[in-house]
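Labels below follow one simple rule: chain letters A, B, ... track the order of the sequence lines, proteins then strands, and each chain is numbered from 1.
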2 protein chains.
Amino acid sequence: MSTLGFERHNHARCIRSAVDAADALCATRGLRFTPLRRRVLELIWQCHRPVGAYDLLDQLKSERDGAAPPTAYRALDFLMENGLIHRIESLNAFVGCTHPDAPHQSQFLICTSCHRVAELSDPAIERQIDTKASGAGFQPERQTLEVTGTCDACAVTR
Amino acid sequence: MSTLGFERHNHARCIRSAVDAADALCATRGLRFTPLRRRVLELIWQCHRPVGAYDLLDQLKSERDGAAPPTAYRALDFLMENGLIHRIESLNAFVGCTHPDAPHQSQFLICTSCHRVAELSDPAIERQIDTKASGAGFQPERQTLEVTGTCDACAVTR
DNA sequence: TTGACATAGGTTATACTATAACACTATATA
DNA sequence: TATATAGTGTTATAGTATAACCTATGTCAA
């Protein structure tokens with residue numbers, strides 16, 4: 001089974017399991033998974049496309065009074081710090097992490113046609129980058145890999 | 001000799017050679033390397049730190065009347081389209097390309113201490129990413145790899 | 001040489017993204 | 001239940017990028 005996220009799947013279950021996983025993870029780590037943080041994570045998981053902070057904010061505004069940029073950004077910061085979402089740097093947008101339990105670097109395939117993204121999570125690539133950086137006398141801390149192109153589905157229907 | 005850019009070097013010559021190379025490249029390709037574009041490239045090469053568009057703009061404003069955001073962004077677009085500079089996505093900033101002659105993907109080491117960056121340009125990593133993406137049914141077009149951490153010099157003097 | 005076209009740059013306005021700072025509330029726990 | 005800490009509300013502002021329209025300049029064919 002592919003874990004790439006471009007394939008068809010039961011999305012309602014997909015959202016639920018992401019939120020449940022976050023719930024469990026927060027419980028384990030003693031983190032406060034507040035209604036706002038939970039809601040923001042749900043909104044991000046509505047689709048496999050990266051969501052902008054202000055798109056999120058628009059939604060939050062329609063649901064609660066007085067939502068303002070910090071409302072969104074603080075929740076996003078919490079979710080990022082705890083590995084529940086990733087930031088796609090090249091899009092200034094956020095996407096749910098598909099395996100928040102295992103620490104890993106940010107690796108994404110981004111389809112420029114349907115705008116869906118898939119998390120790559122290739123430990124071999126991660127290691128190779130790490131090795132190369134270290135070999136150059138650099139102490140690597142965080143990697144961001146973003147590959148744009150065309151996903152399977154979009155290539156077929158072209 | 002390392003090509004990583006963190007080491008000491010004759011920087012005046014470094015700028016000059018970058019601009020000369022750009023000159024030659026534009027001549028070869030029939031591109032118009034206008035005074036504005038040349039100046040923006042020079043400003044970017046003033047240091048090996050990524051430069052923000054508005055830092056650049058401040059400098060341009062002090063040199064020419066009526067410089068406005070589009071003044072900077074258009075020159076930056078030209079330089080990027082032609083591989084003379086790269087955009088560091090995680091910093092919203094721009095840095096000179098160290099080998100604009102050879103097509104390659106964006107690979108950077110970014111020191112969070114001194115804020116200098118070095119271009120990695122590792123074809124093996126590039127290939128591995130390409131292979132992995134293709135294997136997942138994705139047609140890769142552009143790769144962006146950004147590694148943050150601590151450079152050699154900063155690690156020593158800590 | 002001149003006119004037509006395309007490219008580059010000037011100018012104004014605005015959209016989009018993110019954070020600072022301070023007040024208030026909720027929660028955890030001693 | 002007092003206290004400390006974390007979370008959120010609220011207002012303001014900083015930082016990044018593009019749209020749209022206009023003028024100037026370079027290019028090239030007739």
Would you tabulate the pairs of protein nitrogen or oxygen atoms and nucleotide nitrogen or oxygen atoms of nucleotides 17-20 of chain D closer than 3.5 angstrom?
unit_1, atom_1, unit_2, atom_2, d
D/dA17, OP1, B/Arg87, NH1, 2.7
D/dA17, OP1, B/Arg87, NH2, 2.5
D/dA17, OP2, B/Tyr73, OH, 2.8
D/dA17, O5', B/Tyr73, OH, 3.3
D/dA17, N7, B/Tyr54, OH, 2.4
D/dA17, N6, B/Tyr54, OH, 3.4
D/dA20, N6, B/Arg74, NH2, 3.1

Between the protein and nucleotides 6-8 of chain C, list every N/O to N/O distance that falls short of 3.5 Å.
unit_1, atom_1, unit_2, atom_2, d
C/dA8, OP1, B/Arg37, NH1, 3.1
C/dA8, OP1, B/Arg37, NH2, 3.3
C/dA8, O5', B/Arg37, NH2, 3.3

Worksheet item: Should A/Arg116 and A/Cys151 be marked as a side-chain contact (heavy atoms from CB on, under 4.5 Å) after you check the CA-CA gap, both sets of side-chain angles, and the distance that decides it?
Response: CA-CA 8 Å; A/Arg116 288 157 69 92; A/Cys151 78; 5.8 Å; no
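Put simply, CZ on A/Phe33 is 16 Å from P on C/dT27, counting in whole angstrom units. Protein atom CD1 of B/Ile88 is 16 Å distant from nucleotide atom C1' of D/dT16, rounded to whole Å. Following rounding to the nearest Å, A/Asp65 (CG) and D/dT8 (C1') show an atom-to-atom distance of 14 Å. In this entry the distance linking CZ of B/Arg38 with C1' of C/dG9 reads 17 Å, nearest Å. In this structure, A/Glu63 atom CD and D/dT8 atom C1' are separated by 16 Å, rounded to whole Å. Residue B/Arg64 contributes atom CZ, which lies 13 Å from atom C1' of D/dA24 at whole-angstrom precision. Distance, B/Leu57 CG to D/dT16 P: 11 Å, rounded to whole Å.
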List the atom pairs, donor and acceptor, that lie under 3.5 Å between side-chain atoms in residues 76-83 of chain B and the rest of the protein, sequence neighbours left out.
unit_1, atom_1, unit_2, atom_2, d
B/Asn82, ND2, B/Phe78, O, 2.8

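The shortest non-hydrogen separation linking A/Pro50 to A/Val95 is CA-CB, 4.3 Å. Taking each heavy atom of B/Glu119 and B/His104 in turn, the nearest pair found is OE2-NE2, 2.7 Å.
Heavy atoms from other residues, nucleotides or ligands lying under 6.0 Å from CZ of A/Arg29 number more than 12.
Interatomic distance, A/Phe138 CZ to B/Thr150 OG1, rounded to the nearest 0.5 Å: 6.5 Å. Of the inter-residue distances, the one linking B/Leu57 atom CG with B/Ser62 atom OG reads 10.0 Å to the nearest 0.5 angstrom.
Cluster annotation: B/Leu25 and B/Phe94 are assigned to the same hydrophobic cluster (Ile/Leu/Val/Met/Phe/Trp/Tyr, side-chain heavy-atom contacts under 4.5 Å, transitive).
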